Amino acid sequence: MELALALVFGLVIGSFLNVVIVRLPLGTSISVPRSHCPQCRKQIAAYDNIPVLSYLILRGRCRHCGRKISRRYPGVELAAGAISILLYLKFGLSVEWAIYLAFCAALLVLALIDVDHRILPDPITLNGIWIGILVNLLLPQPSGFTTRLVGWSGADVSNPRILALIGSLLGIVLGGGLLWAVGEAFYRIRGIEGMGFGDVKMMAMVGAFLGAPLTLFTIMVGSLLGSFIGLALIRFGGKTREYELPFGTFLGVAAIVAVLYGDALIGFYIDRVIRPV
Ligand SMILES: [Zn+2]
């Protein structure tokens, strides 16, 4: 029952995200006008706007003009539904579930807007930084990394909120700083703007939510993913080396993996790869 609720809620969120992904980069209102077919401009009735189901019932075509509806729409809805279920399996129906669902929803929006426009809008990334800090202050999660680092520095901090705040700030500095440094190095060496400042702000947001270890995980997984897909696009997709990859997309996917499985994967890596050496 709760699982079904998590799924339906995720699908509805996904339906809303579709609207945000299309309208936010255009600067138009998210709430008005009501959804319409991008091709014939006819308004979409509520009964034709049910996540995934309507797409299946209409066989992927607009009721009015019969032209194809992008598979992106049910895809985003299914992705949000799946993320909601996976978060439910991790956190149950809890405040954590709601917060991380909102965070992953923001990442999904950033990932797809970056694919479409090669931008990562400030209203999401900059507000995300503040919200990430607030979440850590209000719902402090114990972090072995921050506790050890603070202990090692000799500071006497035991308040979980202060520790969580320090963890969040470390994540911002690491996430934003690392991407800024890579972009700067890229610019010095090749003389081209390899990374927009949007990526820097996006990783500061990820750092604010997830803290330093998972932020490093996100950057590593995102870079690996970007390298593989970049090489595949050059090799098989007919793209040249000058093709600009949507790095924010890979970072977004990696950050969602970090939320769901980052701690488990880092633990696995330390136990199986680092310790035996
Ligand atoms: Zn139409």
Side-chain angles (χ1 to χ4, degrees), residues 3-88 98 101-125 127-128 196 198 202 225-226 229-230 232-233 236-239 243-253 255-256:
L3 198 72
L5 200 70
L7 172 66
V8 169
F9 196 75
L11 292 174
V12 172
I13 295 272
S15 183
F16 168 69
L17 298 185
N18 276 320
V19 179
V20 178
I21 291 163
V22 174
R23 294 193 188 174
L24 185 65
L26 304 176
T28 48
S29 163
I30 303 289
S31 51
V32 278
R34 288 184 46 92
S35 297
H36 52 75
C37 169
Q39 286 157 115
C40 67
R41 320 294 302 172
K42 281 241 171 66
Q43 193 170 305
I44 298 170
Y47 54 80
D48 280 342
N49 213 358
I50 305 161
V52 185
L53 268 184
S54 292
Y55 181 85
L56 295 175
I57 291 168
L58 294 170
R59 291 166 200 270
R61 290 179 182 280
C62 170
R63 182 185 290 277
H64 306 289
C65 66
R67 271 175 281 198
K68 275 199 175 138
I69 303 167
S70 166
R71 281 197 200 135
R72 159 86 69 86
Y73 294 103
V76 168
E77 287 157 2
L78 282 175
I83 290 168
S84 175
I85 284 183
L86 294 172
L87 286 170
Y88 166 75
L101 185 57
F103 177 56
C104 289
L107 292 169
L108 206 56
V109 168
L110 287 173
L112 287 165
I113 290 180
D114 203 25
V115 168
D116 292 345
H117 306 278
R118 296 295 186 279
I119 54 165
L120 297 160
D122 279 351
I124 299 181
T125 53
N127 288 316
M202 177 178 179
L225 210 59
I229 293 181
L233 283 175
F236 307 109
K239 305 283 188 201
Y243 176 70
E244 190 197 343
L245 283 170
F247 193 38
T249 306
F250 304 120
L251 291 173
V253 172
I256 292 174

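Counting convention: from 1, in listed order, for ligands and their atoms alike. The structure presented is a predicted model; accordingly, all values stated were derived computationally and were not measured. Start at 1 with the first residue, then count along the sequence.
- Angle SG(Cys65) to the Zn ion (ligand 1) to SG(Cys40): 110° [nearest 10 degrees].
- The distance from the CZ atom of Arg41 to the SG atom of Cys65 is 11.5 Å, given to the nearest 0.5 Å.
- The angle Cys37:SG - the Zn ion (ligand 1) - Cys62:SG amounts to 110°, with values rounded to 10 degrees.
- Legend: ring-ring contact (aromatic ring centres under 6.0 Å, His included) pairs involving residues 42-82, not counting sequence neighbours: none detected.
- Using a cut-off of 2.8 Å, one finds that His64 contributes no N/O/S atom close to the Zn ion (ligand 1).
- Using a distance-only test at 3.5 Å, with no hydrogens or angles considered, a donor-acceptor pair links the side chain of Ser54 to the main chain of Asp48.
- A donor-acceptor pair is defined here as one N or O able to donate and one able to accept, closer than 3.5 Å; such a pair exists between the side chain of Arg118 and the backbone of Val115.
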